[in-house]
Enquirer: 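First, the structure itself, so that you have it in front of you.
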Amino acid sequence: MKRKVDWRYLLVDIVFVCVRFLELAEILDKIESTTKRLEMVDLISSLLKRAEDDIRETVFLLQGKVAPDYEGIELGIAEKIAIRALASLSGLKEATIETELVKKGDLGKIGEELLRNKKQSSLLSEELTVKKVYGSLLKISKLSGGGSQTRKLQILLDLLQNAEPVEVRYLIRIVTGKMRIGVADMTIVDSIAVAFGTKEKSDMVEGAYNIMPNLPELAYRAMSGGIDSLTSLKVTAGIPIRSMLAERLPSLSDILEKMDGRFAIEYKYDGLRTQVHKIGNKVELFSRRLENITSQFPDIVEEIGKSVKAQNAILDGEAVPFNLDTNEMLPFQEISRRRGRKYDLKETIEKIPVVLFLFDAMMINGTNLMDVPYAQRRLKLTNTIEESQNIKIAKSRVVSDVESAERFFNEALEAGCEGIMAKSIEDKSIYKPGAREFLWIKYKREYQLEMEDTVDLVVVGAFGGQGKRSGGYGALLMAVYSREEDKFRTVCKLGSGFSDEQLDNLPRMLKPYSLKSRDHRVESTIDADFWFTPSLVLEVKGAEITLSPTHTCCRDIVKKGAGLAIRFPRFTGKWRTDKKADEATNEQEIIEMYHSQRKKVLADNA
DNA sequence: TGTGTCTGCCC
DNA sequence: ATTCTGC
DNA sequence: GCAGAATGGGCAGACACA
């Protein structure tokens with residue numbers, strides 16, 4: 001008799017802890033409807049307290065992920081396959097849904113509405129749980145090879161068919177990687193602190209997150225071992241640390257003011273951020289987002305083994321493509337060709353050698369240096385590294401006035417760098433992941449107020465906006481003008497630099513020029529959602545001109561089969577209403593900009 | 001077997 | 001990457 | 001000032017499909 005009762009309680013318990021996906025979706029909906037972080041933290045922390053056995057899966061889904069970034073587990077499906085799934089679910093054509101997306105800018109909401117309008121009741125519907133959804137997504141991530149896309153689609157479809165409208169909204173958002181609820185990692189950090197401790201524990205949880213960047217795991221540990229169990233986490237070679245990032249300021253004098261006297265200043269190399277872990281005889285490399293990139297840089301791995309005079313170490317640096325014969329830094333695009341490479345590794349290593357410039361040390365021989373001031377870390381670094389052809393220490397200097405800073409900055413540019421990093425050397429100058437407190441400040445050539453790097457481009461097309469830009473344009477298609485040929489050739493899209501108000505005004509401003517299809521003078525390989533008679537001219541700032549496989553500006557002129565494009569384009573806020581379309585920047589000017597920016601020889605320190 | 005599209009990740 | 005915005 | 005969410009160019013790999 002007694003046994004029977006226990007058994008029943010056990011069952012009830014199992015059913016109770018099982019978080020329904022509908023419950024999660026409704027909480028996500030509530031979170032989405034507020035802009036107040038405190039309310040979000042309230043909602044999430046109470047969710048975490050109830051999640052129990054489902055806590056890891058719950059946090060993963062809250063983040064819209066199935067695994068931490070550094071595990072290299074990807075869904076391999078996103079917007080296009082979500083569109084296919086919704087087409088299949090609703091019986092509509094894919095093109096119809098794509099049109100809707102351009103108009104409405106939220107595939108999740110489109111899916112939700114499709115389901116609401118569907119008359120047929122969900123008779124066969126099986127209730128979704130957090131575990132079930134997570135399990136299905138994990139299954140999707142594990143499929144590969146021929147026919148895998150169809151099978152992934154089928155699994156997604158199974159979920160959608162069993163989903164309530166609001167569940168569809170978030171299933172689609174999770175799959176497309178656009179949660180849009182105003183919650184990202186730091187809000188979850190706060191929520192873990194509140195759920196299993198108090199708000200005052202936020203900094204501590206953040207510290208744990210910095211050295212174990214896996215929120216589901218942290219939430220689980222906080223729940224099962226108590227919040228203070230997180231303090232026992234240790235920096236460990238082999239487990240990546242969240243990278244420290246830099247703020248930006250528009251001038252060296254601003255930096256001087258912020259730094260309060262003396263500060264260190266370093267070359268800012270244009271390459272791949274690389275976190276080096278030496279674990280005895282083993283070396284592992286991680287990217288800024290903590291992906292494991294070890295296999296792509298066997299040359300660096302080998303050299304680190306020789307150059308690092310410590311058993312264990314965690315170091316920070318920038319891997320730069322380099323011509324070892326001419327001592328010249330190569331364009332960023334070159335190292336892109338090594339990142340992610342699996343095939344033809346040997347040939348590519350020979351063609352594109354890489355120099356790693358180290359600039360920080362977070363751990364050496366088991367000693368955690370993250371809480372030690374910059375100067376000490378730097379000293380430890382220089383004492384531990386024996387420079388070689390491929391491993392170097394980033395060039396640095398300590399300055400206390402604008403003139404010396406300026407001189408160093410110009411040196412950096414001469415050497416082919418993007419600019420400089422200013423780093424605090426005060427007592428508080430710890431290694432603090434994320435970009436906070438202006439401990440590191442970057443300053444690039446392009447930040448200078450001079451007009452040098454701006455161009456006046458013509459709007460020839462536009463794209464429907466998503467998320468907070470729903471219903472309007474999200475970006476514009478911009479072109480240069482060729483007077484000789486009377487052609488407008490694209491050189492970039494433009495979606496940054498607009499205030500909300502400017503964005504709101506765009507459709508009105510462009511309406512008079514609206515066309516049904518591309519103007520015959522416009523040459524574009526990109527298919528815009530909206531086309532215009534080239535008329536409106538905007539001032540655009542960029543970092544540099546790059547070779548482009550897609551844009552048609554100056555195609556085949558500098559290089560066969562390639563055009564030119566603008567790297568990091570943004571609207572300066574200046575409408576060049578004084579200019580007509582044919583007065584826009586022309587191709588010749590872009591070519592000149594391209595040639596005048598070639599990298600200079602890196603004389604010393606290389 | 002070659003090409004185009006999509007995805008994910010660098011900046 | 002850059003930029004804008006609400007808190 | 002922080003945190004989050006819009007948006008850019010462009011690379012390699014995986015897969016679909018002709």
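Just so you know, these numbers come straight off a predicted model, no measurement behind them. Note on naming: letters A, B, ... go to the chains in the order of the sequence lines (proteins, then strands), and numbering restarts at 1 for each one.
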Enquirer: Under 6.0 Å between ring centres: does that hold for A:Phe60 and A:Tyr134?
Expert: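 Under 6.0 Å, so yes.
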Enquirer: Are A:Ser287 and B:dC10 close enough that a side-chain N or O sits under 4.0 Å from OP1 or OP2?
Expert: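 So the side chain of A:Ser287 is within the cut-off, an N or O lying under 4.0 Å from OP1 or OP2 of B:dC10.
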Enquirer: Can you figure out which of B:dC11, D:dA12, B:dC10 approaches the side chain of A:Arg341 most closely?
Expert: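 Side chain of A:Arg341 sits closest to D:dA12.
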Enquirer: Between A:Tyr473 and A:Phe530, does the ring centre distance come in under 6.0 Å?
Expert: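 Ring centroids of A:Tyr473 and A:Phe530 are less than 6.0 Å from each other.
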Enquirer: If the condition is salt bridge (Lys or Arg N to Asp or Glu O under 4.0 Å), which residues does A:Asp299 pass it with, not counting sequence neighbours?
Expert: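 Testing A:Asp299 for salt bridge (Lys or Arg N to Asp or Glu O under 4.0 Å), a comparison that skips the adjacent residues, returns A:Arg338.
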Enquirer: Just call it for A:Ser496: base, sugar-phosphate, or nothing, with non-hydrogen atoms closer than 4.0 Å on any strand.
Expert: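 Base, at least one base heavy atom under 4.0 Å.
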Enquirer: Regarding A:Gly147, tell me which of base, sugar-phosphate or nothing describes its non-hydrogen contacts under 4.0 Å with the strands shown.
Expert: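 A:Gly147: backbone/sugar contact only, no base atoms under 4.0 Å.
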Enquirer: With heavy atoms under 4.0 Å as the rule, sort A:Ile181 into base, sugar-phosphate or nothing.
Expert: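 It contacts sugar-phosphate atoms only.
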Enquirer: Choose from D:dG10, B:dT7, D:dA3 the nucleotide whose nearest atom is closest to any side-chain atom of A:Ser548.
Expert: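 Of the options given, the side chain of A:Ser548 lies nearest D:dG10.
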Enquirer: Once you apply a heavy-atom cut-off of 4.0 Å, does A:Lys152 come out as touching a base, just sugar-phosphate, or nothing?
Expert: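 Counting heavy atoms under 4.0 Å across all strands, no contact is made by A:Lys152.
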Enquirer: Looking at the base of D:dC11, is there any donor atom on it, or on the side chain of A:Arg337, that sits under 3.5 Å from an acceptor on the other one?
Expert: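 Flag unset: no donor-acceptor pair detected.
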Enquirer: Using a 4.0 Å heavy-atom cut-off, does A:Gly145 contact any base of the nucleic acid, only the sugar-phosphate backbone, or nothing at all?
Expert: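 Contact class for A:Gly145: sugar-phosphate only.
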Enquirer: Just to be sure I understand the rule, does A:Tyr343 reach a base, reach only the sugar-phosphate, or reach nothing, if contact means heavy atoms closer than 4.0 Å?
Expert: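 Here A:Tyr343 touches the backbone only, sparing every base.
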Enquirer: So, is A:Lys442 close to the C:dT2 phosphate, meaning a side-chain N or O under 4.0 Å from OP1 or OP2?
Expert: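 It does, given that an N or O in the side chain of A:Lys442 lies less than 4.0 Å from OP1 or OP2 of C:dT2.
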Enquirer: DNA chain D: A:Leu143 or A:Lys258, which has the more 5' nearest nucleotide?
Expert: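 Looking at the nearest nucleotide for each, A:Lys258 comes out on the 5' side.
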Enquirer: Tell me what A:Leu38 touches on the nucleic acid: a base, only sugar-phosphate, or nothing, going by heavy atoms under 4.0 Å.
Expert: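 The residue A:Leu38 makes no contact with any strand.
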